[in-house]
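Take a look at the structure set out below.
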Amino acid sequence: MPRSVASLQGQVALVTGASRGIGRAIALELAAAGAQVVVNYASSPEAAAAVVAEIKAAGGTAWSHQANVADEQQVEAMVKAVLETAGRLDVLVNNAGITRDGLLMRMKTADWQSVIDLNLTGVFLCTRAVSRSMLKARSGRIINITSVVALFGNPGQANYSAAKAGVIGLTRSTAAEFASRGVTVNAVAPGFIDSDMTKDLAKEPILASIPLGRMGQPEEVAGAVCFLAADPAAAYMTGQVLQVDGGMVMR
Ligand code: NAP
């Protein structure tokens, strides 16, 4: 399990899409920092159970919760269950995401809609569901996983880059709304990270566009997320987009 300098002892974190890839690494990192972690997943119960087992084997506390984050009722029920079980919810990481790539001219409306529904509306639904308890507690951290393609666009990813750009707007508006109640909202924009999502991409052109010359690892995104969750390390940051991209986008 990765080491962490931040302490999230006594806190409860919900990570969406935590059964695999970046979400899995975030769940492990937050647990290593002391948080009790809720491992959300959609369709991989065994993978989610393995993440929970790994956290428990390292002495942490975790449990899994199946929910489609694009489904309003399932999201509401998940957050209700977390609050009933743990009595609090301190950190929400909106990580669940999918791609349905294709050139815009031939993109099926269903592929546009499913990506917007999960990658953008899902973030809205989860954020709204946790907002009442966080605003009441006058503390909380919400961390949204966007992407560098939200910043520069990408052929074949009109749906995905639109959703991820939407997540940045959503992050900033929510940050402005929640700031007076001590709840921060930030985004992390990964570049190309080794995961199931990128395993079939042609690597050579990608590597040529990355100044650090390699794909990122899920743990490297998890480190940034853990920092944004940490107190007091990131207490004075809100509405920001932290890029973890090997230098792909320098502005
Ligand atoms: P991944 O390996 O494909 O994992 C996706 C995760 O999302 C899985 O845990 C999956 O759960 C979950 N998920 C899918 N549909 C869901 C739904 N309807 N409700 C709840 N969970 C759902 O992807 P990843 O590469 O780790 O990506 C994680 C996040 O980082 C995504 O938001 C992605 O857009 C973003 N990102 C990735 C990269 C990259 O290079 N990999 C770059 C920039 C941004 P199941 O296992 O149950 O299906």
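Computed over heavy atoms, backbone and side chain alike; hydrogens, waters and symmetry mates excluded. The residues of the chain are indexed from 1 along the displayed sequence.
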Closest approach of V69 to M78 (non-hydrogen atoms, all atoms of both residues): CG1-CE, 4.4 Å

Contact summary for R24 and V51, nearest pair of heavy atoms: CG-CG2, 3.6 Å

Side-chain donor-acceptor pair present, [X], [Y], cut-off under 3.5 Å:
| X | Y | result |
| --- | --- | --- |
| T127 | N94 | yes |
| D71 | Q73 | no |
| T171 | N144 | yes |
| Q157 | D101 | yes |
| Q74 | N68 | no |

By salt bridge (Lys or Arg N to Asp or Glu O under 4.0 Å) - contacts of R214 (at least two apart): E220

Greater than 12 external heavy atoms within 6.0 Å of K108's NZ: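 Incorrect, the count does not exceed 12.
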
Short N-O contact, R141 and D231, less than 4.0 angstrom: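 A salt bridge is present here (some side-chain N lies under 4.0 Å from a carboxylate O).
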
Pair K80 + E84, salt bridge at N-O below 4.0 Å: yes

Non-hydrogen side-chain atoms of V244 and V188 separated by less than 4.5 Å: yes

Residues which pass side chain to side chain contact (heavy atoms under 4.5 Å, CB included) with A47, listed by chain and number, not counting sequence neighbours: S19, R20, S44

